[in-house]
Amino acid sequence: MRSRRYPSDTTDLEWVLIEPLLPVPACRSPRGGRPEAHPRREIVDALRYLVDTGCKWRALPGDYPPFKTVFGFFSRWSAAGVFNLIRDQLRRRIRRAMGTSPHPVAVVIDSQSVKVAATVPRSTSGYDAGKKTPGRKRHIIVDLKGLPLFVMVTPADMHDSVAAREILFRLRLMHPEITIVWADSAYAGTLVDWAKSFLRLTIRTVSRPKGAKGFVVVPRRWVVERSLSWLLHARRNVRDYETRPEHSEAMLTLAAITLMTHRLTRRAVHPNAATPKPTAAVQVA
């Protein structure tokens, strides 16, 4: 087992949260299989390093497993929905710790257009005329605490209301308890009636105040905008480098998992920690 040397490596407490949520190794399954050559923790640490630093797959440090091995795990776990499962379990745990129901009934939806690398195929990217951004668009749904429930990546030229039909349909299948979706004016119009009739979801739009200039904190919408900024703390997500959109979704989900494990394992700060403790007076002999 390699020693923990990078800031992105999992701590012992974080690994206790993640390890039980990973798939059972093939060698322990009824069908059987070869024992894995590298510990699971090293694979997870390598993925976290790549997301945090934004390096190339081939540029992974030599003390991690070979990049082809790491990418193989990433690709298989992404296709199997492992990262989504871990994200959902951690989100429920955080909500319980905050004293709320593990299953939210109200969520916020928004999108973000980002540029892509030159290696991204044109067939999976487009041009967002509204934001004047060539690339891809990230559609995200979060609860009112800012914790992600769903992420989908599309070409940037897909309108929010068009992508929202598929997103909300999937949301209804995965989270039937949700009843209210907060959104901006891009999700208004026929989408509101469609969601109400076919999905029994209420879409409530919140617009910027009339005449407002510059940055304005908009009720409800600021929650999802803050979540998008959290995901951009991981350098891999500042620009889209992935050939396949589903791998882009996995990178965003991995960044969210790291944020949630940090939140669950960080030590509570004492209320009077900033106040220096009184020291005994020095007695002069």
Side-chain angles (χ1 to χ4, degrees), residues 7-22 44 47-48 51-52 81-112 138-152 167-168 170-184 187 200-206 216-234 237 249-275:
S8 58
D9 288 344
T10 55
T11 64
D12 293 339
L13 292 176
E14 287 180 303
W15 183 240
V16 169
L17 294 173
I18 296 175
E19 184 181 19
L21 303 176
L22 295 175
V44 173
L47 291 174
R48 286 167 58 118
V51 175
D52 183 57
V82 174
F83 301 131
N84 294 339
L85 171 66
I86 297 175
R87 175 200 62 202
D88 293 342
Q89 292 294 332
L90 295 178
R91 183 188 65 251
R92 296 186 185 112
R93 188 159 184 167
I94 291 177
R95 289 181 61 87
R96 290 193 190 98
M98 300 177 71
T100 60
S101 170
H103 304 288
V105 296
V107 295
V108 192
I109 186 173
D110 201 359
S111 66
Q112 178 190 59
R138 298 163 176 171
H139 308 268
I140 183 173
I141 296 179
V142 302
D143 63 10
L144 299 185
K145 308 295 183 183
L147 304 174
L149 282 84
F150 186 83
V151 175
M152 188 174 79
I167 296 171
L168 295 178
R170 294 187 187 181
L171 182 72
R172 170 53 72 202
L173 293 178
M174 295 186 298
H175 303 278
E177 69 279 357
I178 293 176
T179 59
I180 300 176
V181 179
W182 295 90
D184 60 20
Y187 298 90
R200 296 184 180 179
L201 284 174
T202 301
I203 298 180
R204 296 184 178 178
T205 58
V206 182
V216 178
V217 177
V218 182
R220 301 297 185 186
R221 282 174 51 188
W222 68 269
V223 176
V224 65
E225 292 170 356
R226 180 187 60 178
S227 299
L228 288 168
S229 68
W230 285 345
L231 298 179
L232 289 180
H233 290 172
N237 295 332
E249 297 166 3
M251 290 294 177
L252 294 165
T253 305
L254 279 168
I257 290 173
T258 301
L259 290 170
M260 288 190 282
T261 55
H262 285 171
R263 180 178 296 189
L264 285 168
T265 58
R266 65 186 177 187
R267 296 182 179 180
V269 179
H270 192 274
N272 298 325
T275 305

Any donor and acceptor pair, going by atom type alone, linking the side chain of [X] with main-chain N or O of [Y] inside 3.5 Å?
X: Glu19; Y: Val16; value: no
X: Ser227; Y: Val223; value: yes
X: Thr11; Y: Glu14; value: yes

Practice task
Start with the C-alpha gap between Arg204 and Val181, add the side-chain angles, then the distance that decides, and say whether side-chain contact (heavy atoms from CB on, under 4.5 Å) holds.
Solution key: CA-CA 6 Å; Arg204 296 184 178 178; Val181 179; over 6 Å; no

Practice task
Evaluate whether atom CZ of Arg200 has more than 12 neighbouring non-hydrogen atoms of other residues, nucleotides or ligands under 6.0 angstrom away.
Solution key: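 Check fails, neighbour count at 12 or below.
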
Exercise for the section: Using a cut-off of 6.0 Å, state whether more than 12 heavy atoms not belonging to Arg92 lie near its atom CZ. Expected result: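 Above 12, so yes.
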
Find the distance between [atom1] ([X]) and [atom2] ([Y]) and round it off to the nearest 0.5 Å.
X: Leu264; Y: Leu259; atom1: CG; atom2: CG; value: 11.0 Å
X: Glu225; Y: Asp184; atom1: CD; atom2: CG; value: 8.0 Å
X: Met260; Y: Gln89; atom1: CE; atom2: CD; value: 10.5 Å
X: His103; Y: Arg91; atom1: NE2; atom2: CZ; value: 9.0 Å
X: Thr10; Y: Ile257; atom1: OG1; atom2: CD1; value: 12.5 Å
X: Leu47; Y: Phe83; atom1: CG; atom2: CZ; value: 5.5 Å

Practice task
Would you sort out whether Ile18 and Arg48 count as a side-chain contact (heavy atoms from CB on, under 4.5 Å), showing the intermediate values?
Solution key: CA-CA 12 Å; Ile18 296 175; Arg48 286 167 58 118; 4.2 Å; yes

Practice task
Decide side-chain contact (heavy atoms from CB on, under 4.5 Å) for Trp182 and Val206; before the verdict, give the C-alpha distance in whole Å, the side-chain angles of both, and the deciding distance to 0.1 Å.
Solution key: CA-CA 7 Å; Trp182 295 90; Val206 182; 3.6 Å; yes

I need the minimum non-hydrogen distance between [X] and [Y], along with the two atoms involved.
X: Thr205; Y: Tyr187; value: CG2-C, 4.4 Å
X: Leu231; Y: Ala255; value: CD2-CB, 4.1 Å
X: Ala183; Y: Ile109; value: CB-CG2, 3.5 Å
X: Thr253; Y: Glu249; value: OG1-O, 2.8 Å

Problem - Lys/Arg N to Asp/Glu carboxylate O, Glu177 vs Arg172, below 4.0 Å - result: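 Salt bridge flag = no for Arg172 with Glu177.
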
Practice task
Could you give me the CA-CA distance, side-chain angles and deciding distance for Ile178 and Val105, then say whether side-chain contact (heavy atoms from CB on, under 4.5 Å) is met?
Solution key: CA-CA 4 Å; Ile178 293 176; Val105 296; 5.8 Å; no

Please set out all donor-acceptor pairs under 3.5 angstrom arising from side-chain atoms of residues 138-152, sequence neighbours excluded.
| unit_1 | atom_1 | unit_2 | atom_2 | d |
| --- | --- | --- | --- | --- |
| Arg138 | NH1 | Gln112 | OE1 | 3.4 |
| Arg138 | NH1 | Asn237 | O | 2.7 |
| Arg138 | NH2 | Asn237 | O | 2.7 |
| His139 | NE2 | Thr154 | OG1 | 2.8 |
| Asp143 | OD1 | Lys145 | N | 3.0 |
| Asp143 | OD1 | Gly146 | N | 3.0 |
| Asp143 | OD1 | Leu147 | N | 2.8 |
| Asp143 | OD2 | Arg95 | NH1 | 2.9 |

